[in-house]
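What follows is a set of notes on a single structure, which appears directly below.
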There are 2 protein chains.
Amino acid sequence: MNVQGKPEKARNNGPGRRPPTMQDVADRAGVSIQTVSNLVNGREHLMAKATRERVAQAMAVLEYRPNMRARGLRAARTNEIGFLVVDDEAKFLADPTNGTAMAGAGEIIGQRGYGLLIQSAKLGDIDDGLFSPLLESRADGGILYLSGGREDREVYIRRIVELGRPFVLFGEERDDDLPAVIADNESGAHELATHLIEKGHRRIAFIAGRAAWPMIEQRHAGYRRALQEAGIEPAQELQLFRGRWDPIDGATMASSLLALRDPPTAIMAANDLLALGIFQAARGRGMQIPDDLAVTGFNDFDFAAFLEPSLTTVSLPVYEMGEAAATIVIDQIESVDGEAIRRFPVEVLIRDSA
Amino acid sequence: MNVQGKPEKARNNGPGRRPPTMQDVADRAGVSIQTVSNLVNGREHLMAKATRERVAQAMAVLEYRPNMRARGLRAARTNEIGFLVVDDEAKFLADPTNGTAMAGAGEIIGQRGYGLLIQSAKLGDIDDGLFSPLLESRADGGILYLSGGREDREVYIRRIVELGRPFVLFGEERDDDLPAVIADNESGAHELATHLIEKGHRRIAFIAGRAAWPMIEQRHAGYRRALQEAGIEPAQELQLFRGRWDPIDGATMASSLLALRDPPTAIMAANDLLALGIFQAARGRGMQIPDDLAVTGFNDFDFAAFLEPSLTTVSLPVYEMGEAAATIVIDQIESVDGEAIRRFPVEVLIRDSA
DNA sequence: CCCGGTTACTTGATCGCTATACTAACTCTC
DNA sequence: GAGAGTTAGTATAGCGATCAAGTAACCGGG
């Protein structure tokens with residue numbers, strides 16, 4: 001079927017009448033355009049009750065909807081919040097954790113009368129594409145989520161600071177008080193590692209994808225701290241950062257760990273997908289989890305509780321974090337007082353795999 | 001920390017200089033604003049080479065970025081595509097399948113110079129909130145994805161048709177040639193069921209969440225067709241639609257199926273999450289998959305290949321479908337010829353669970 | 001050497017809305 | 001009953017771009 005074909009085209013282009021403007025409403029109600037504007041913007045106290053009703057009636061009849069482009073141009077705001085995502089391979093949305101964060105942000109953004117504008121870029125593309133919502137006056141503020149890790153992360157952060165517009169960093173805290181929403185990954189990992197140590201494990205491995213960004217580094221740090229506190233020197237060969245966070249990478253890393261002369265008795269994965277791969281590798285070697293090998297994940301994906309054995313992992317309040325991020329940006333935009341850094345606790349879920 | 005605090009405020013509000021306008025560029029280059037506009041919009045053949053360079057230079061120095069609000073107002077387009085999502089509980093983005101579709105759409109949208117605007121609504125909220133990107137001139141067109149099922153789906157579809165703006169339906173095909181992107185769920189389910197029948201199964205169950213939308217109904221239809229073709233009358237008690245698509249719902253439905261006097265030897269789940277629950281229920285009863293019970297899923301989530309046993313399921317090209325949806329809408333907006341209905345094949349992945 | 005055509009621009013109106021300033025009538029107070 | 005304050009509006013000027021319609025210079029042909 002051809003979009004250009006007349007029948008389809010006609011249907012999609014509709015009745016062809018242009019949408020009503022404020023002027024149309026004003027004419028119909030017999031008032032000036034400004035009076036309509038006042039009503040639309042909630043300044044109803046500026047007009048008599050009868051006028052208000054007449055205008056409201058006219059708006060209803062004409063099905064008037066304000067043109068946000070025009071409003072934005074004049075009022076220098078768009079009522080749009082940009083969610084700016086950088087990531088190694090544009091897989092961001094395929095991760096339910098990230099999707100949930102975005103859903104939380106979207107909820108608040110919607111409630112407060114804004115729209116959610118998504119802009120993504122691949123890590124390394126340091127043109128200004130990522131910031132176009134801010135640069136091109138399409139959004140009033142932005143939530144910046146840099147997942148994936150490389151040196152150039154700093155470039156992005158410097159850039160958004162320079163832009164001089166309201167923003168909040170998602171998932172990472174800086175030493176310089178930039179608005180941020182973070183979860184206490186460090187103590188989650190610390191608690192997890194401590195749990196393993198209490199179970200008697202001494203050879204505890206930590207695996208993650210090749211690129212580790214701050215959120216992941218914190219998990220790693222929590223792991224190291226727990227071991228050190230227990231007087232265990234975290235062995236270099238037990239800390240692996242390889243691959244792209246696929247389960248298959250988890251399997252590969254687990255295999256090489258288990259092939260060591262002195263293999264670990266527990267493996268902490270920096271996320272649940274990697275843990276899934278560890279399960280597979282362990283099964284392949286006929287090992288029982290948790291008896292032969294303890295495994296922990298991170299993030300508490302849907303499947304975690306349903307694996308056999310169920311996966312011990314850490315749950316992050318991502319939805320709430322998304323909400324908080326949106327709240328911070330909008331508060332800034334509207335000059336409302338509020339916390340600019342929100343730190344969330346995490347929940348360690350001890351299940352059967354460790 | 002207080003956002004209103006002077007230092008933070010100052011940082012976030014930046015240097016305070018307003019962004020350069022076309023007029024600024026024009027002044028600096030010693031040309032008229034229209035000449036700048038011509039260059040910005042790729043009509044470089046309208047000016048002398050020297051002028052072009054002077055203007056380009058001025059744009060670079062000032063770091064000029066067009067104000068999309070202003071362009072949108074005058075040119076009656078925003079270069080923004082709305083992704084409108086309706087769903088039972090705003091969980092849409094938490095589903096990696098949906099996230100992947102959106103990522104695919106986002107990729108094309110970005111490539112073609114547009115932005116991606118997400119608007120979601122809960123099924124049943126039939127105000128115009130969902131369509132606000134279109135109604136308020138914030139987007140030039142929309143991708144409409146109605147997941148979750150209820151009678152009022154029709155209302156949404158009628159509404160978007162009425163709006164008379166370019167749109168495409170995601171995941172469902174209508175008898176009336178509306179632009180759409182769909183996957184061949186019916187034949188995927190048919191192939192899956194046929195596979196089970198060939199393996200000797202006769203008592204084959206089908207389970208899904210309470211609300212079944214067209215995509216799910218197609219899976220159900222494929223199941224029924226396969227059974228009928230094999231001369232098996234699909235028993236009513238083997239077709240369950242309960243709960244909210246959580247693994248726990250899958251476990252519950254599987255338990256009640258397995259408690260039947262004549263229990264099924266195979267269960268087809270309408271998605272992988274439900275299948276995960278079936279695995280759990282089967283384990284709870286000491287049953288071996290696939291020997292005591294064959295299980296199939298749908299969607300091929302990340303975890304499917306890594307379960308024990310690995311899950312037989314159907315993979316949909318969701319990323320490509322997202323790309324196709326974006327392509328269709330943008331083609332319509334730009335009056336480019338192209339297919340308005342794109343149908344994608346699915347891939348049945350026979351693994352170990354069935 | 002004048003005409004039409006091209007090239008290289010400029011000018012002015014306008015998109016739909018909001019901000020600012022203004023008017024006119026009415027009410028209250030001393 | 002004059003000045004101040006309140007109420008209920010209107011009038012005008014843009015926001016930053018695009019569109020349609022100019023203009024001015026040059027250029028080749030008869």
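Proteins come first, then strands; the chains are lettered A, B, ... in the order of their sequence lines, and each starts at number 1. On a predicted model such as this, the values are computed, not experimentally measured, just so you know.
Between B:Arg69 atom CZ and D:dG14 atom P the separation is 18 Å, expressed in whole Å. Atom pair A:Arg77:CZ and D:dG16:P shows a separation of 15 Å (rounding to whole Å applied). If you take CG of B:Asn41 and C1' of D:dA20, they are 15 Å apart, rounded to a whole angstrom. B:Arg71 places its CZ atom 8 Å from the C1' atom of D:dA17, with the value rounded to the nearest Å. Distance CD (B:Gln23) to P (D:dG14): 13 Å, rounded to an integer number of Å. The interatomic distance linking B:Leu39 (CG) with D:dA17 (C1') rounds to 15 Å, in whole Å.
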* Base, backbone or nothing for each nucleotide of nucleotides 6-13 of chain D, written B, S, -, heavy atoms under 4.0 angstrom, 5' to 3'? -> --SSBB-B
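By the salt bridge (charged side-chain N to carboxylate O under 4.0 Å, His left out) test, B:Glu136 pairs with A:Arg65, B:Arg138, sequence neighbours left out. Every residue two or more places apart in sequence or in another chain that forms a salt bridge (charged side-chain N to carboxylate O under 4.0 Å, His left out) with A:Glu173 is listed here: A:Arg343. Contacts of B:Arg43 classified as side-chain hydrogen bond (donor to acceptor under 3.5 Å, both in side chains), with partners at least two apart in sequence or in another chain: B:Asn38. The side-chain hydrogen bond (donor to acceptor under 3.5 Å, both in side chains) search around B:Asp152 returns none, not counting sequence neighbours. Applying the salt bridge (charged side-chain N to carboxylate O under 4.0 Å, His left out) rule to A:Arg52 yields the partners A:Glu44; only residues at least two apart in sequence or on another chain are considered. A:Glu334 is linked by a side-chain hydrogen bond (donor to acceptor under 3.5 Å, both in side chains) to A:Arg112, A:Tyr114, counting only residues two or more places apart in sequence or in another chain. Judged as a side-chain hydrogen bond (donor to acceptor under 3.5 Å, both in side chains), and not counting sequence neighbours, A:Asn67 has no contacts. Here A:Asp128 pairs with A:Arg159 under the salt bridge (charged side-chain N to carboxylate O under 4.0 Å, His left out) rule; sequence neighbours left out. Under the ring pair (Phe, Tyr, Trp, His ring centres under 6.0 Å) criterion, A:Tyr145 pairs with A:Phe92, A:Phe170, not counting sequence neighbours.
Between the side chains of A:Gln57 and A:Glu53, no donor-acceptor pair of N or O atoms lies under 3.5 Å.
Between the axis at the start and the axis at the end of the helix from C:dC1-D:dG30 to C:dC30-D:dG1 there is an angle of 50°, using five pairs per end and rounding to 10 degrees.
On the nucleic acid side, DNA chain C contacts chain B at distances under 4.0 Å to non-hydrogen atoms, with the end points of that region at C:dA8 to C:dG16.
For D:dA17, one of the phosphate oxygens OP1 or OP2 lies less than 4.0 angstrom from a side-chain nitrogen or oxygen of B:Tyr64.
Paired with B:Val329 under the rule side chain to side chain contact (heavy atoms under 4.5 Å, CB included), one option of B:Leu144, B:Asp140, B:Ile143, B:Ile109 passes, and it is B:Ile143.
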